[in-house]
There are 2 protein chains.
Amino acid sequence: MLEVELRRNTRQKRVILQSVEQLGCHPTAIQIFSAVRKVLPRTSLSTVYRNLGILVDQGKIKAVKGTGTEIHYDHNTGEHNHIKCKVCGRVCDVNIEPVDIDTLNSEAVSNFVVLEVCMNILGICPECAEQLEREKTQ
Amino acid sequence: MLEVELRRNTRQKRVILQSVEQLGCHPTAIQIFSAVRKVLPRTSLSTVYRNLGILVDQGKIKAVKGTGTEIHYDHNTGEHNHIKCKVCGRVCDVNIEPVDIDTLNSEAVSNFVVLEVCMNILGICPECAEQLEREKTQ
DNA sequence: ATTCATAATAAGAACTATTCCTAATATAGA
DNA sequence: TCTATATTAGGAATAGTTCTTATTATGAAT
C-alpha cells in the first residue's frame with residue numbers, strides 16, 4: 001500500500017493559485033498577498049509564501065528569481081525568459097530562443113555540470129519609456 | 001571653474017580594492033570584509049559595502065547580481081557571464097558568446113528598451129561533482 | 001609643519017524579503 | 001459526527017544590505 005502524501009485542499013491555497021493566475025504579469029509574494037486578502041482578509045503572509053512554495057514544487061507555477069531582490073511568480077510554466085523594467089519593476093515574458101543546456105554541457109563550460117540557465121534582461125517598458133520622453137520634452 | 005568631486009584616498013578603500021583583486025574568484029562582501037580585517041582589523045562591514053559601491057560606480061570592479069541572494073564582486077570588468085556551483089556556492093567566469101543588446105533592441109523584445117542582459121548559469125563545479133561521485137560509489 | 005573643513009569611518013540600528021516557530025484551527029477520512 | 005493531523009495566523013528570526021550618527025582622518029590651504 002502506497003503511503004499517500006496528504007495534501008489538504010484549503011481555501012487559502014485555492015485563492016493563492018487563482019491570484020497568481022488572475023494577476024497575470026508575474027506578481028511578487030506581497031502583490032499576491034494583498035490580492036488574496038481581498039477574498040480571505042485574515043490570510044497571513046507566511047501562508048502565502050508556504051503555499052507558493054508548494055505550488056512551485058507541484059509544478060503548477062514557476063518562481064522567477066534573479067530579476068532583483070524579490071521573487072516573482074509565474075503561472076506560465078513553459079520555458080521562457082523574462083525582462084524587468086528598471087523604472088516600474090514589472091516583469092514581462094520574452095521570447096528569445098532559450099540557451100540549450102545540453103549544448104553548454106557538451107562545450108564543457110568551465111568544466112561545470114550545467115543544470116539551469118536563466119537569462120535576465122533589464123530594460124525600460126514602453127509605458128515608462130513614453131513617460132520619460134514626455135518629461136524630457138516638457 | 002569646475003566643481004571637483006573630492007574623493008579621499010583612504011587606507012580602507014585601497015585595501016578593499018586590493019582584496020577584491022587578490023581574492024580572485026568573485027568574493028562576496030563578507031569574504032572581502034574578513035580579508036580586509038586581516039590588514040585593518042577595525043574595518044566595519046558598512047565601510048566595505050560603501051566602498052564596494054563607490055568602486056562599482058567608478059567602474060573599477062563589477063557587481064555580480066542574480067546568482068542568488070548575495071552580491072559577488074568581480075575585478076574583471078570586461079563583459080562575460082558567470083556560473084554558480086549549486087553545492088559550494090562559488091561563482092566562476094564563463095565564456096559563452098554574450099547576447100548582443102543591439103540585436104535584442106532591433107528585434108523589439110516586448111517593446112522594451114533593452115539595457116542589460118545577464119546570463120545566470122547554475123551547475124556543479126568539478127570539485128563538488130567529483131566529491132558527489134565519490135560519495136555515491138562508496 | 002599646522003590648521004581646518006569636511007569626507008569617510010566604526011558601530012550598530014533599520015530595512016527588506018523570506019523562512020521559521022507555535023498554539024489554534026479546519027480539513028478529510030473513518 | 002468524531003478525530004488525527006495538516007494547515008493556519010501571528011509574529012519572531014534570519015540574511016544580506018543600507019542607513020544613521022558621533023568620531024576620525026584626509027588633504028588643501030595656510
Side-chain angles (χ1 to χ4, degrees), chain A residues 1-17 19-20 26-34 36-58 60-73 84 89-91, chain B residues 1-20 26-58 60-73 84 89-91:
Chain A
M1 198 196 295
L2 273 175
E3 199 167 303
V4 175
E5 182 197 13
L6 176 53
R7 278 254 109 111
R8 290 179 182 170
N9 182 19
T10 64
R11 277 151 31 85
Q12 288 86 342
K13 185 183 291 176
R14 284 196 303 274
V15 176
I16 288 166
L17 177 55
S19 297
V20 176
H26 311 83
T28 62
I30 296 287
Q31 292 170 329
I32 296 160
F33 175 60
S34 31
V36 170
R37 281 236 165 179
K38 286 175 186 156
V39 184
L40 302 172
R42 304 208 41 178
T43 306
S44 75
L45 185 54
S46 50
T47 295
V48 172
Y49 273 108
R50 185 168 16 77
N51 278 298
L52 287 172
I54 291 168
L55 292 167
V56 169
D57 285 346
Q58 296 178 334
K60 292 184 182 166
I61 62 175
K62 263 195 169 180
V64 181
K65 298 179 180 181
T67 56
T69 54
E70 292 161 303
I71 302 173
H72 292 254
Y73 294 89
K84 185 190 181 86
R90 73 193 167 97
V91 170
Chain B
M1 200 194 297
L2 273 176
E3 199 168 303
V4 176
E5 182 198 10
L6 176 53
R7 278 256 110 109
R8 290 180 182 169
N9 182 19
T10 64
R11 275 148 35 83
Q12 288 84 345
K13 185 182 291 175
R14 283 196 302 274
V15 176
I16 288 166
L17 178 55
Q18 219 169 57
S19 298
V20 176
H26 310 84
T28 61
I30 297 287
Q31 292 170 329
I32 296 161
F33 175 60
S34 30
V36 170
R37 279 237 166 180
K38 286 174 187 159
V39 184
L40 301 172
R42 305 206 42 174
T43 305
S44 76
L45 184 55
S46 51
T47 293
V48 172
Y49 273 110
R50 185 170 16 78
N51 278 298
L52 287 171
I54 291 168
L55 292 168
V56 169
D57 286 347
Q58 295 179 335
K60 293 185 181 165
I61 61 174
K62 263 194 168 181
V64 181
K65 298 179 180 181
T67 55
T69 54
E70 292 161 303
I71 302 173
H72 292 253
Y73 294 89
K84 185 191 179 86
R90 74 193 167 99
V91 170

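On a predicted model such as this, the values are computed, not experimentally measured, just so you know. Every chain is numbered from 1, with letters handed out A, B, ... down the list of sequences.
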Residue list, side chain to side chain contact (heavy atoms under 4.5 Å, CB included) with A:R37, at least two apart or on another chain |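 Per chain and number, A:R37 pairs via side chain to side chain contact (heavy atoms under 4.5 Å, CB included) with A:F33.
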
Working to the nearest 0.5 angstrom, can you tell me the gap between [X] [atom1] and [Y] [atom2]?
X     : Y     : atom1 : atom2 : answer
A:E70 : A:H26 : CD    : NE2   : 14.0 Å
B:I54 : B:L17 : CD1   : CG    : 12.0 Å
A:H72 : A:K84 : NE2   : NZ    : 3.5 Å

Selected nucleotide, minimal atom distance to B:T47 side chain, candidates C:dA10, D:dG10, C:dA11 |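 The nucleotide sitting nearest to the side chain is C:dA10.
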
Expressed in angstrom and rounded to an integer, what is the separation of [X] atom [atom1] from [N] atom [atom2]?
X     : N      : atom1 : atom2 : answer
A:I54 : D:dA6  : CD1   : P     : 12 Å
A:R14 : C:dA28 : CZ    : C1'   : 13 Å
A:F33 : C:dT16 : CZ    : C1'   : 15 Å
A:N51 : C:dA26 : CG    : P     : 16 Å

If a protein heavy atom is under 4.0 Å from the base, mark B; if only from the sugar-phosphate, S; if neither, -; do that for nucleotides 11-17 of chain D going 5' to 3'.
-> B----SB

Given protein heavy atoms under 4.0 Å, the one-letter contact record of nucleotides 23-30 of chain D, with B base, S sugar-phosphate only and - none, is simply --BBS---

Any B:V20 side-chain heavy atom under 4.5 Å of B:L55 side chain =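 They are not in contact (no side-chain heavy atoms under 4.5 Å apart), so the answer is no.
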
Do the non-hydrogen side-chain atoms of B:N9 and B:R14 ever get within less than 4.5 Å of each other?
->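 When only atoms from C-beta onward are counted, B:R14 and B:N9 do touch, with a gap below 4.5 Å.
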
If every non-hydrogen atom of B:V48 is compared with every non-hydrogen atom of B:I16, which pair is closest and at what distance?
->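 Heavy atoms only, the tightest pair is CA-CD1, 3.7 Å.
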
Minimum heavy-atom distance between A:T28 and A:Y73, given as atom pair plus value |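 Heavy atoms of A:T28 and A:Y73 come nearest at C-CD1, 4.4 Å.
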
